[in-house]
Amino acid sequence: MERIKVKIINRSGHELPAYETPSSAGMDVRACLKEPVTLAPLQRALIPTGLYIQLPHGYECQIRPRSGLALKHGISLVNTPGTVDADYRGEIGVILINLSDTPFVVNDGERICQMVIKEYTRVEWEPVERLDETKRGDGAFGHTGVN
């Protein structure tokens, strides 16, 4: 398993994002709040983390929902996965949304999302007049008829 060094500034007062088990892909990230934030049903809010990172060129940080919050409380992320680019130096913020029918309170230090660091590739477009044929062709959403 490859390991990379990532520079981080932690102004949250909480522990750094951490892997909860030896095979975890994502690290839990905590809210950095001066006071609790209540999300009404279908309300969204930008939740600060107090974290600032410097990724190596060729890497991104993906911000993903926590499955436990989604299942138990209907809390997810509006833009999932959110991407933090390698050249971004501002505070990482997380756009939470309450998809349940009851209010949800986000407290300081609460684990609100997962962070996954991924290598990526860049595309070089090759304009053409025709694409190679495939069995699927241009079959779009639901084209197989499987429910």
Side-chain angles (χ1 to χ4, degrees), residues 1-33 37 39-101 104 106-147:
M1 176 183 328
E2 181 185 0
R3 291 185 182 265
I4 62 167
K5 295 242 183 216
V6 175
K7 294 180 181 179
I8 187 166
I9 296 172
N10 183 3
R11 295 187 178 143
S12 72
H14 305 296
E15 59 192 75
L16 289 174
Y19 300 102
E20 295 295 321
T21 67
S23 292
S24 293
M27 299 171 272
D28 287 340
V29 176
R30 298 176 184 276
C32 176
L33 298 169
V37 172
L39 291 174
L42 300 180
Q43 184 181 13
R44 62 190 177 275
L46 179 63
I47 306 297
T49 65
L51 301 174
Y52 304 73
I53 61 175
Q54 181 178 327
L55 294 166
H57 181 72
Y59 287 84
E60 67 164 325
C61 169
Q62 295 181 359
I63 303 298
R64 302 177 181 180
R66 290 191 66 237
S67 57
L69 280 180
L71 178 63
K72 296 174 186 172
H73 303 287
I75 303 300
S76 192
L77 307 184
V78 175
N79 61 327
T80 183
T83 296
V84 179
D85 293 309
D87 57 355
Y88 177 67
R89 295 297 182 266
E91 180 179 11
I92 295 173
V94 178
I95 307 170
L96 289 185
I97 187 166
N98 181 355
L99 298 174
S100 77
D101 57 1
F104 180 80
V106 182
N107 293 297
D108 181 51
E110 184 165 357
R111 296 178 299 161
I112 56 170
C113 66
Q114 290 192 43
M115 171 187 286
V116 176
I117 307 299
K118 297 288 294 175
E119 192 171 14
Y120 65 87
T121 57
R122 302 274 318 247
V123 169
E124 183 178 313
W125 294 111
E126 180 183 352
V128 297
E129 295 297 320
R130 222 170 124 267
L131 302 176
D132 295 342
E133 297 289 327
T134 66
K135 182 178 177 182
R136 179 174 182 173
D138 63 359
F141 302 105
H143 80 283
T144 63
V146 177
N147 293 332

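When all heavy atoms of H14 and S12 are compared, the pair lying nearest together is N-OG, 2.9 Å. Between R64 and T80, the closest heavy-atom pair is CA-OG1, 4.1 Å. Between L55 and C61 the shortest heavy-atom distance is CD1-N, 3.5 Å. Considering all non-hydrogen atoms of both residues, P56 and A86 come closest at O-CB, 3.7 Å. Considering every non-hydrogen atom in both D108 and A31, the closest pair reads OD1-O, 3.3 Å.
Here the OG-CG distance, from S76 to L96, works out to 8.5 Å after rounding to the nearest 0.5 Å. How far CD1 of I63 is from CG of N79: 9.5 Å, rounded to the nearest 0.5 Å. Between the OG atom of S100 and the CG atom of L39 there is a distance of 9.0 Å, given to the nearest 0.5 Å. Note: R44 CZ to L99 CG = 11.0 Å, rounded to the nearest 0.5 Å. The OH atom of Y88 sits 14.0 Å away from the CD atom of Q54 when rounded to the nearest 0.5 Å. In this structure, Y59 OH and I53 CD1 are separated by 13.0 Å, a value rounded to the nearest 0.5 Å.
The side chain to side chain contact (heavy atoms under 4.5 Å, CB included) test with V94 singles out one residue from P65, P48, C113, and that residue is C113.
T49 places a side-chain N or O within donor-acceptor distance of the main-chain N or O of I92, the cut-off being under 3.5 Å.
A search for side chain to side chain contact (heavy atoms under 4.5 Å, CB included) contacts involving V128 returns E126, L131, not counting sequence neighbours.
Within the 4.5 Å cutoff, the side chain of L77 has no heavy atoms near those of the I95 side chain. In this structure, L51 and P17 have side chains that are in contact, with non-hydrogen atoms separated by less than 4.5 Å. For the pair M115 and I117, the minimum side-chain heavy-atom distance is below 4.5 Å. Within the 4.5 Å cutoff, side-chain heavy atoms of L69 are placed close to those of F104.
Side-chain contact, N98 with H73: no donor N or O sits under 3.5 Å from an acceptor N or O.
Here salt bridge (charged side-chain N to carboxylate O under 4.0 Å, His left out) pairs that include residues 66-92, with residues two or more places apart or in two chains, are D28-R66. Applying the salt bridge (charged side-chain N to carboxylate O under 4.0 Å, His left out) test to residues at least two apart or on different chains, the pairs with a partner in residues 1-23 are E15-R30.
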